[in-house]
Amino acid sequence: MKVAFRTFGCQMNISDTEAMMGLLRLAGHSIVNSEEEADAVIVNTCAVREKSEDKLYGKLGQLKAQKKRNAKLIVGVCGCVAEKNSDELLTHREVSFVFGTRAISRVAEMLSRASAGERFIELGDFVDELDSETPRLRTSKHHAWITIIYGCDKFCSYCIVPYTRGREKSRRMEDILAEAHELAKLGYREITYLGQNVDSYGKDLGDGSSLATLLKETLKIEEIERLWFLTSYPRDFSDELIEVIASSERISRSIHLPVQSGSDRILKAMNRGYTREYFLNLTRRVKERVQDSSLSTDIIVGFPGETDDDYNDTVSLIKEVRFERVNLAMYSPREGTLSARKLADDVPQQVKTKRLNDLLALQKHINREENEKYIDEVLDVIGEGKIKGNGKIYGRTMNNKIVIYEADLDKIGVPVKIRIESVSAGPLYGEIVGR
Ligand code: SAH
Ligand code: SF4
Ligand code: F3S
């Protein structure tokens, strides 16, 4: 069969789709880009906000129309909305099967059942069936994602993820390292370790494994030039981890530490488990110990009960830390979460929108000021992809700055030195001055 994937949401979903594509190809199917050409379309979904969920329902509308032209079209739905709305999804006639975030290893078998005409829901936990032997069709040839821990145990009051991804479960360290070795042999030079809380890695294994030890072990693989990890949970970000990062130039200087709010009152209602002062201290320690580090964060505006004072605490925190990137979102109540059950979504829409836009403008201003510091500096960059239509490519620095420069496509995946000539609030622009 020809199978097309549509993937929404975070890197976990992208990584899951890579495994499913690999497994289906192994089973003799081919992966195609176009939905029109496909015999089966699998939609990997995100439920983090209402808008993310809407993307699935928009897609189902299109697929329903396509099914009128091709009655045999098979539609599978997986990912976080599949976990959350499984029964409802199967009431859509165009949907053939629905499966959960921990059932992806069975995708080939499920596709055969669906093509035999069966309609079903599969929410079982088969996550142990995924390991370093799982074939993966990776999107990049240079930079690979490896999931090291599944699930989340934190239960922040607004968040659906613990309900859709289940409890924390770490992969065995030997298995992760086997995958990293294999990738190095295949020519990969960069790896990102993935999890909702990578700092929790190893706690459930009870054998002393931790993110810090995993990073140290991975550094022994010499071919891996850059090692990244996502996402960190501020409360669990240990001094040991800071020291490991500081100790090696091959570990990313870009650290994603979602703060969510700068107000103690709101942090408490969010059940984040830390205070503003704790977070500020942590960021000071990181900046002191890790040279050239850049911090990024996630912020929610308009959480229930957020007053102007609470919001101003967030503004002042952003001004103090001067993040490299801020992912901003308006609070969106998620069915079944504590905040949706207990707290009224009482910040008016226009206030949420204004707060979001004001923070966007503030962040842009900070980015431009920070970027100007790079003018005339020479940065180490690895090429990543081409910019459409102008003979330029873009690459990335160790602290996650995007740099655009003139180069042939064979410079993709290659480390170069770039002198920065001009900047924007987004990318930096420069020219190659050496390897
Ligand atoms: N594990 C990570 C990120 C998980 S979801 C962490 O702890 O931060 C990614 C981001 O989506 C979150 O950081 C949060 O900013 C946002 N988010 C999660 N639930 C949300 C909700 N109900 N409304 C708005 N934004 C939300
Ligand atoms: Fe959601 Fe909190 Fe878990 Fe992040 S740590 S995934 S925000 S519950
Ligand atoms: Fe979305 Fe699920 Fe990731 S809700 S952000 S796809 S864990």
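Numbering of ligands and ligand atoms starts at 1, following listing order. Every heavy atom of this structure was used, including side-chain atoms; hydrogens, water molecules and symmetry mates were not.
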Q: Return yes when M330 approaches ligand 1 closer than 4.0 angstrom through a heavy atom, no otherwise.
A: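 A heavy atom of M330 does come that close to ligand 1.
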
**Q.** R272 near ligand 1 by a heavy-atom separation under 4.0 Å
**A.**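 True for this residue.
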
Q | Residue that, paired with D128, satisfies side chain to side chain donor-acceptor pair (under 3.5 Å) out of R172, R171, R102, K169 | A |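 Exactly one option meets the side chain to side chain donor-acceptor pair (under 3.5 Å) with D128, and it is K169.
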
Q. Considering Q260, R272, K154, R334, which one's heavy-atom position lies nearest to atom 4 (Fe) of ligand 2?
A.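 Checking each option, the heavy atom nearest atom 4 (Fe) of ligand 2 is found in R272.
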
Q.
Regarding atom 2 (C) of ligand 1: of the candidates K154, K51, Q196, which has the closest heavy atom?
A.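 Closest candidate by heavy-atom distance is Q196.
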
Can you confirm, on distance only, whether ligand 1 has an N/O atom lying under 3.5 Å from any N/O atom belonging to [X]?
| X | result |
| --- | --- |
| R49 | yes |
| Y233 | no |
| D298 | yes |

Q.
Check for me whether R165 has a heavy atom closer than 4.0 Å to any atom of ligand 2.
A. no

Distance-only polar pair, side chains of [X] and [Y], donor-acceptor under 3.5 Å:
| X | Y | value |
| --- | --- | --- |
| E306 | Y331 | no |
| R334 | T164 | no |
| D310 | T307 | yes |

**Q.** contact_flag Q196 ligand 3 heavy-atom lt 4.0 Å
**A.** yes

Q: Tell me, please: is A47 in heavy-atom contact with ligand 3, that is, under 4.0 Å?
A: yes

What protein heavy atom is closest to [atom], reported as residue, atom name and distance in Å?
| atom | result |
| --- | --- |
| atom 8 (S) of ligand 2 | C156 N, 3.4 Å |
| atom 3 (Fe) of ligand 3 | C10 SG, 2.3 Å |
| atom 6 (S) of ligand 3 | N13 ND2, 3.2 Å |

**Q.** Contact atoms of ligand 2, heavy-atom distance to N197 under 4.0 Å
**A.**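 What qualifies from ligand 2 is 5 (S).
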
Q.
Any N/O/S atom from C46 (main chain or side chain) under 2.8 Å of atom 1 (Fe) of ligand 3?
A.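 Under 2.8 Å: C46 contacts atom 1 (Fe) of ligand 3 through an N, O or S atom.
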
Q: Using a 4.0 Å heavy-atom threshold (strictly under), name the region of R165 that reaches ligand 3: side chain, backbone, both or neither.
A: side chain

Q) Does R226 come within less than 4.0 Å of D380, counting only side-chain N to carboxylate O? A) no

(Q) Side chain, backbone, both or neither: which applies to F155 and ligand 2 if a contact is any heavy-atom pair less than 4.0 Å apart? (A) backbone

